[in-house]
Number of protein chains: 2
Amino acid sequence: MTRELSRSGAGPGRQDILEAAAVAFTRNGYDATTIDDIADELHATKGRVYHYYRSKADIFLDVVSTGIRDLLAEIRPLAEADGDALARLARMVRRHAAMMMTRNAFQRVAVQAVEMRRLGQGPRYESLHDIVVMRDEYEQLFADVVAQGQREGTLRGTDPRLATKPVLGALNWITVWYDPDLAGDQVVDQIADEYAEFVVGGLRKGDR
Amino acid sequence: MTRELSRSGAGPGRQDILEAAAVAFTRNGYDATTIDDIADELHATKGRVYHYYRSKADIFLDVVSTGIRDLLAEIRPLAEADGDALARLARMVRRHAAMMMTRNAFQRVAVQAVEMRRLGQGPRYESLHDIVVMRDEYEQLFADVVAQGQREGTLRGTDPRLATKPVLGALNWITVWYDPDLAGDQVVDQIADEYAEFVVGGLRKGDR
DNA sequence: TCGGGCCGTCATACCGAGTAGTACGGTCAC
DNA sequence: GTGACCGTACTACTCGGTATGACGGCCCGA
């Protein structure tokens, strides 16, 4: 029976390319990854890759937007749930950290793209704008929760957008150091808990 | 009068190449930066660049090791100073954050290299090992201070190497989002203070 | 039932552009 | 005269992307 279509409108063939590309880009980054590298992941050749995608940049964009959309889909409900800001922030951080580990390839590539965007450059195409919009929207989820925590008197009063920077830096850096081949589920939970404790402690208003 | 020789044995010419390369690599990353890009920074051509450096990879390595050595030179004395662990940690974080902003180009490239290294790949040459050693040595500075804080009872008891990961992630991510063209010294201090407060709060043992 | 046509899939060969690096020669200061 | 410096022209190679053809499966008509 056929596999479920992914949200990028992919049949199984396109999805295969997407996942192979995520692995390849994770390894070498966009510029140093060749179409042959992606094809090699599937024991295929470039003809197969170009059957499903117009260009290398299109493949990269699809990997990145899939990663960011996955993250948004997981974190937005947590951000918008009921509950005090501290608890919601902890859950958002835990979930984000977990995804950096369990969706390592796609999230690693999404982080690579965020890093490219800061320089105003990346694969030379126009749709990078979508990535920027989603990243800003995502960052605002955290800033809004921080702002609410400040109104509740539980979080320190620094500029919420600034407060969000170290949080996302810490979380995104997981994709740099975490090796998914080495750890199990229990380790994922342990690390996610540590990150939640770190971030909440770092933003909480102290009474010392 | 001649400029001071840099520690890489550079005369002014070689230092010019180094600084131009730092800017160029910051903009586009190692793979997407050409030797022409570096030469363009100096309104020169490749002949000039190749007069001072054997290869593109050698230039990159020089930029990266300069960045990491600068950081080690600043942070190691703070790590090894007298004082309780909390205070030393705060100073280390503040100084690291400041350097991510004030030495943005070199530190950005050093961070790029760290990210490449995690994948076991990078510019295809052998001396990447030195970078790995310095990075681990650097990370251990933080881990040691965290361990001492745990012995003093002021920091939470998590594994010090794990505790260091979000710290360095937060700090290194500054090179991704901070634009040195937009801010002044006062902003640098404000952000550095925020990061110190965030990290110390995040690692401090809570009594709530 | 069989054969032909069509379509999706994918490998191969090729082209053009770009880039790392080299060789060489010119200029200038000492 | 020599050497440092550096620009120019060039080579070799890589890689993104294209064109083409083969193959297998499916469908339909005879």
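What you see is a predicted model, and the numbers here were worked out from it, not measured in a lab. In what follows, every chain begins at residue 1, and chains take the letters A, B, ... in the order their sequences are listed. Below, all heavy atoms of this structure are taken into account, side chains as well, without hydrogens, waters or symmetry copies.
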Residues in contact with DNA chain D, drawn from residues 38-51 of chain B - heavy-atom cutoff 4.0 Å: A44(B), T45(B), G47(B), R48(B), H51(B)

Heavy-atom donor-acceptor pair, R88(B) side chain to G83(B) backbone, under 3.5 Å: yes

Parallel, tilted or perpendicular: rings of Y138(A) and H96(A) (30°, 60°): tilted

Atom pair distance, as rounded to whole Å: OH in Y30(B) and P in dA20(C): 8 Å

Residues D37(A), R27(A): salt bridge by 4.0 Å N-O rule: no

Crowding at CZ, R95(A) (>12 non-hydrogen neighbours, <6.0 Å): no

Nearest-angstrom distance from the residue atom CG of D31(B) to P of dT14(D): 16 Å

Nearest-angstrom distance from the residue atom CD1 of I35(A) to C1' of dA11(C): 16 Å

Atom-to-atom span, CZ of R14(B) to P of dC6(D) - whole angstrom: 14 Å

Atom pair distance, as rounded to whole Å: CD1 in I59(B) and P in dT19(C): 15 Å

For atom OH of Y53(A) and atom C1' of dT18(D), their distance in whole Å: 20 Å

Test of ring centre spacing under 6.0 Å for F106(B) and F25(B): no

For atom NZ of K56(B) and atom P of dG18(C), their distance in whole Å: 15 Å

Polar contact flag, side-chain donor to acceptor under 3.5 angstrom, E194(B)-Q190(B): no

Whole-Å gap separating P (dT19(C)) and CZ (F60(B)): 18 Å

